[in-house]
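Remember, it's a predicted structure, so these values are computed and weren't measured experimentally. Numbers restart at 1 for each chain; the letters A, B, ... are given by sequence-line order, proteins then strands.
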Amino acid sequence: MEIKELTQTSGEWLRGDGPEADIVISSRVRLARNLAEFPFIRRATPQDRVQIERILRDAIIHSQVSNSLLYIALDELEAVDRQLLVERHLISREHAEAQGRRAVAIDKAEKFSLMINEEDHLRIQVMQSGFNLQSVWQQITAIDDAIEQRVTYAFHERLGYLTACPTNVGTGLRVSVMLHLPALVITRQIEKVFRSLQKISLAVRGLFGEGSQAMGDFYQISNQITLGRGEDELVQQVNDIVPVIIDYERQARQFLIKESQENLHDRVSRAYGILRTAQTISSEETMHLLSSVRMGVNLGLIPKLQIADINELFIHTQPAHLQKRTGGELDSADRNIERARYLRQYLNREEGANRAEKN
Amino acid sequence: MKCQQCERPATFHITELTGGKPQELHLCEEHARHYLTTTGGEPSGSGGMAAALAQQVQQMAIGQTAEELAHLDQQACPVCGITFYEFRSQGRLGCPHDYVAFTKQLEPLIYNVHGESEHVGKRPRRSSGSSEERTQLIRLRREMREAVENELYEKASELRDQIRRIETEQVA
Ligand SMILES: [Zn+2]
Ligand SMILES: [Zn+2]
């Protein structure tokens, strides 16, 4: 498999199915691990990085965590390809922009990625479409066990897994759920979400678009604490709060429909109309409009589209995806034209054509 | 973790995305509500985990004399050589042994962040004793590099043999 092929598909986590997929985009768990016998990354020499990469590559390949593994040396990759992996959430922005030997192993369905020489020596990440943290946790702990049979992780009797930043020490676990909450934003009730999280230390983050502007309606909920609670408890904590937020969002949507079905329909239709006809459009505007259209699809206002289509458009309209598609470097103005062209083409296809083409 | 604007525990963790760089805010309920309801808010000057950590280290340092503080800052990890000051300014540790070498400085900080001080949950099947032993390889490799730089080749080759011995020990 080659990087270019990724531009033809969407990752597993964007399939748009799974429990509560109308509101929960994806469930994700990551584990931070370090080899006992090397300095943490900030203090590693170039030789250390080479050795860490070699040891972890061997461990990953031999532990047979997947039979279709794509192993990518990031330091040999062009910037646009690294950006493509960031847009697909397979590596972090920091990992893409760092220097020196570093790599990522990805399974073909993009269910998981293993980042080598990120902030920690190894960051294992498993993602799935919809709300399904238990299943994601089962998968990641199995991968962790398989690799641990071949390496010695840095571990302290009392403090647990040792990490480069003390905020990850203990379990090294970050559980996060990405939510689409447009109705809570429109009704200005999003603070309610923050309030519901007050008692249990959970973090809320807006999702980044191009640059660092928020993509408005997307929020990621994750655990803030990693020490002193078991993995099960940390997973359960997020697992318990998400249905509460889903419920708030559903109520807000019902409120919007009851208050003025016409206004809501108008908002969704206008967003859809702009996306289908614009001649030049920024990344931010695209995200903003797609968010309205996504809610419209969920409420049955745009029967022609499915959630998977919208999820695909979110990813495929980002800069690196557009550039891979056209095969050349594009400046921001050209990207806006290309983005609009792509959206028009996709959204004006004959009914059913999108689905059929993929089969 | 304490609120960035008062002494109460921070129960709201917000990433501010408007303007320049994203900033992490850690606030108590009252300050979070104030922040969220004030238009524009007032993004604190100290965003980022490194800054939050540095701040906590400073809080922890209250009650210590300047001399004691300077002493704590200069302390270096015998394995990787990082000083506590370097950690404090970067927010990232140098090696696994730092958790042992800087116990005194890190314990209050870790408690501040997590509200706990002991790991519960998963552990590797291998004993943690072997983990600490392998961490010594970092020191040996560093000493070997220094020996080579100082043209102490006999010492360097002794160290190399010692390193090889530990490296090839069965990792099972
Ligand atoms: Zn406060
Ligand atoms: Zn150290």
Take B/R92 and A/F40 through the side chain to side chain contact (heavy atoms under 4.5 Å, CB included) test and state the conclusion after the steps. CA-CA 8 Å; B/R92 298 294 179 274; A/F40 292 138; over 6 Å; no
Below 4.0 angstrom, N of the basic side chain to O of the carboxylate: do B/K122 and A/D145 qualify? yes
How long is the span from the OG1 atom in A/T163 to the OH atom in B/Y99, to the nearest 0.5 Å? 3.5 Å
Taking only Lys NZ, Arg NE, NH1 and NH2, and the carboxylate oxygens of Asp or Glu, determine whether A/R229 and B/E116 approach each other closer than 4.0 Å. no
Pick one of side chain, backbone, both or neither for B/R141, based on which atoms fall under 4.5 Å of a heavy atom in chain A. side chain
Relative to chain B, which of A/A154, A/A164, A/A44 shows the most heavy atom pairs under 4.5 Å? A/A164
Main chain of A/A36, side chain of B/T135: is a donor-acceptor contact present, judged purely on distance under 3.5 Å? yes
Which residues pass the ring-ring contact (aromatic ring centres under 6.0 Å, His included) test with A/H180, not counting sequence neighbours? A/F218
Given heavy-atom pairs under 4.5 angstrom as the criterion, report whether the side chain, backbone, both or neither of A/T141 touches chain B. both
N-O pairing of B/E107 and A/R158 below 4.0 Å: yes
Below 4.5 Å from any heavy atom of chain A, which atoms of B/E86 appear? Answer side chain, backbone, both or neither. side chain
Between A/Q224 and B/V113, is there a side-chain heavy-atom distance shorter than 4.5 Å? no
Given that the side chain runs from C-beta out, which part of B/R145 has a heavy atom under 4.5 Å from chain A: side chain, backbone, both or neither? side chain
For A/E233, is it the side chain, the backbone, both or neither that has a heavy atom under 4.5 Å from a heavy atom of chain B? neither
Side chains of A/C165 and B/L93 in contact at under 4.5 Å (non-hydrogen atoms): no
With chain B, the option among A/D48, A/I225, A/D144 that has the most non-hydrogen atom pairs under 4.5 Å is A/I225
I'd like to check A/P166 versus B/F87 (side-chain heavy atoms, cut-off strictly below 4.5 Å). Are they in contact? yes
Check for a donor-acceptor pair, side chain of A/R43 on one end and backbone N or O of B/C80 on the other, with a separation under 3.5 Å. yes
